[in-house]
2 protein chains.
Amino acid sequence: MSKYKKDKTTEEKIMEAARKVFVRKGMYGARMQDIADEAGINKALVHYYFKNKQKLFEEIFMEAAGKLFPRVNAIFISEEPLFAKIEKFCEEYISVVLANPYLPLFVLNEMNQDPVYFFNKLWSGKQRPNPQKFLEQIQEEVNKGTIKNFSPLQLLMNLLSLTIFPFIGKPIFQMTLGIDELQFRMFMEQRKKEIPKFIIDAIKK
Amino acid sequence: MSKYKKDKTTEEKIMEAARKVFVRKGMYGARMQDIADEAGINKALVHYYFKNKQKLFEEIFMEAAGKLFPRVNAIFISEEPLFAKIEKFCEEYISVVLANPYLPLFVLNEMNQDPVYFFNKLWSGKQRPNPQKFLEQIQEEVNKGTIKNFSPLQLLMNLLSLTIFPFIGKPIFQMTLGIDELQFRMFMEQRKKEIPKFIIDAIKK
DNA sequence: ATATTTGTTAACCATTTGGTTAAACAATAT
DNA sequence: ATATTGTTTAACCAAATGGTTAACAAATAT
């Protein structure tokens, strides 16, 4: 195969390598040389496509955050009834993250290092997470008496916890219980149905 | 105050500084100079007390993990009935972590970088987390018919998710909802009772 | 008092790391 | 064919970083 024939553009090769390295090692632990090696190219070429480490990192981080947050928001804002929303959220979110199981810990961890900076960087207005409508919807159901008197915020936290946390604790669970990739996958597939059932059983009158 | 009169021993001053820096920046992001500065001493003195960065980090990491894991295990193993166990776990765990809210993300994130290494480092036999008894206990209750037919593993995951995740998402929640330290604290205090109620409502027949 | 051990520092060193440069190489335009 | 533009590399550089050294100061033993 000729040296300069490439199915993936070089830029995408770098992105792919950077994704892998940044996600595994974080912004500080990642080395530009690692990224170049992973992409099978010269380090200077990484700088040719992306000005510097910070810029490349931001690209990767924004991409990752962009996979996680808008989806939450879309469901928060939609017009469906509460229970359907909960079901849909679990279904969709677990599907997305199963395809990139490392995303939540990566994003949460990096955000933790400088929440204010990332918060501004991420949501310059548009796709900022806005759970207001979802919270109001819960309150309405409480008022209607269809569900128990429940703090909307607590319920929101429960939904997010049950859905996202397993991905964050994944390595520990896998080591502790000796389960492999496939078993974890099946466990999470099961959870798509289990979580809504669990929540609804807990809150419905 | 004389130069060599110290209320805290130097070693503890270093540990304290290292805790702060490592937890904020992680193993790779932390700089020995930062730690020395934070402790108000010369960098060489850090090396005098702790051979190198790796050793110091392990000290801090083991200490952090030691605050989180044995407590889980103690409750898993104890003889109490299931519902009491769940209540006790939430109560105790949230109390511990409220005193060090940064611990879960720190430990989970570092473990993620090399799960096998940390797993061996941490649990050379004794305090290895062992949820077996807890899982059996759930199965017993299912068999007795006191709770719904529920996968023990799913229930365990639910308990851990609901308890631990809020601390991991803390910065995002605080920014998104504009809540301060005190409000978060109160929210988690409320959760000590809310989580067991939530779980028990969901699983009891 | 004095020798010895322990604690602390400033200066230094080797290596790593992000980033640059200049030249070679390929593709494209003329 | 040749000039021009865009892509890639090897070699290099300055700054940062983990770690060491040698000397000095304090505490302790003799």
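To find a chain, count down the sequence lines: A is the first, B the second, and so on, and within it residues start at 1. What's counted below: heavy atoms across the whole structure, side chains too, no hydrogens, waters or symmetry copies. Since we're looking at a predicted model, the values are computed, not measured.
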### Query
According to a strict under-4.0 Å criterion, is Tyr48(B) in side-chain N/O contact with OP1 or OP2 of dT20(D)?
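So the side chain of Tyr48(B) is outside the cut-off, no N or O lying under 4.0 Å from OP1 or OP2 of dT20(D).
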### Query
Does Thr10(B) put a side-chain nitrogen or oxygen below 4.0 Å from OP1 or OP2 of dG7(C)?
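No, because none of the side-chain N or O atoms of Thr10(B) sits under 4.0 Å from OP1 or OP2 of dG7(C).
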### Message
With the threshold set at under 4.0 Å for non-hydrogen atoms, list the residues of residues 34-45 of chain B touching DNA chain D in residue-number order.
### Response
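Per residue number, the list reads Lys43(B), Ala44(B).
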### Task
Show your working on ring-ring contact (aromatic ring centres under 6.0 Å, His included) between Phe57(B) and Phe50(B) and close with a plain yes or no.
CA-CA 9 Å; Phe57(B) 173 78; Phe50(B) 301 88; over 10 Å; no
### Task
Could you check Glu80(B), Glu79(B), Glu140(B) and say which one makes a salt bridge (Lys or Arg N to Asp or Glu O under 4.0 Å) with Lys133(B)?
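Result: among Glu80(B), Glu79(B), Glu140(B), Glu79(B) is the only option passing the salt bridge (Lys or Arg N to Asp or Glu O under 4.0 Å) with Lys133(B).
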### Task
Answer yes or no: are there more than 12 heavy-atom neighbours, outside Lys192(B) itself, under 6.0 Å from its atom NZ?
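Yes, NZ of Lys192(B) has more than 12 neighbouring heavy atoms, counting only those of other groups under 6.0 Å.
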### Query
Around atom NZ of Lys148(B), are there more than 12 heavy atoms of other residues, nucleotides or ligands at under 6.0 Å?
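Buried by this count: over 12 neighbours within 6.0 Å.
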#### Entry: Chi angles and distances behind the ring-ring contact (aromatic ring centres under 6.0 Å, His included) call for Phe167(A), Tyr102(A)
CA-CA 7 Å; Phe167(A) 293 102; Tyr102(A) 48 81; over 10 Å; no
### Query
What integer distance in Å separates Gln33(B):CD from dA11(C):P?
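Spelled out: CD on Gln33(B) to P on dA11(C) is 13 Å.
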### Message
Measure CE/Met32(A) against P/dG18(C) and give the value in whole Å, please.
### Response
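Atom-to-atom, Met32(A) to dG18(C), this comes out as 7 Å.
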### Task
Please tell me which of the listed nucleotides, dT17(C), dT20(C), dT7(D), lies nearest to the side chain of Arg31(A)?
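Comparing dT17(C), dT20(C), dT7(D) against the side chain of Arg31(A), the answer is dT17(C).
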### Task
List in numerical order all residues of residues 50-61 of chain B for which some heavy atom is under 4.0 Å away from an atom belonging to DNA chain C.
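Per residue number, the list is empty: none.
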### Query
In residues 15-30 of chain A, which ones come under 4.0 Å of DNA chain C, going by heavy atoms?
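Heavy-atom contacts with DNA chain C come from Ala30(A).
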### Task
Take Phe61(B) and Phe22(B) through the ring-ring contact (aromatic ring centres under 6.0 Å, His included) test and state the conclusion after the steps.
CA-CA 9 Å; Phe61(B) 178 84; Phe22(B) 275 130; over 10 Å; no
### Query
Think Lys170(B) forms a cation-pi with Phe184(B), using NZ or CZ under 6.0 Å from the six-ring centre and within 45 degrees of its axis?
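The answer is yes; both the distance and angle limits are met.
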### Beyond-backbone contact of Phe134(B) with Ile75(B), side-chain heavy atoms, under 4.5 angstrom
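Phe134(B) does not reach Ile75(B) side chain to side chain.
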### Ion pair check, Glu12(A) and Arg19(A), cut-off under 4.0 Å
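Salt bridge between Glu12(A) and Arg19(A), a charged N being under 4.0 Å from a carboxylate O: yes.
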### Query
Between atom CG of Leu45(B) and atom CD1 of Ile35(B), what is the distance when rounded to the nearest 0.5 Å?
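Leu45(B) atom CG to Ile35(B) atom CD1 measures 12.5 Å (nearest 0.5 Å).
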### Task
Anything under 30° is parallel, anything over 60° is perpendicular, the rest tilted; go ahead and classify Phe173(B) against Phe165(B).
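Phe173(B) and Phe165(B): perpendicular rings.
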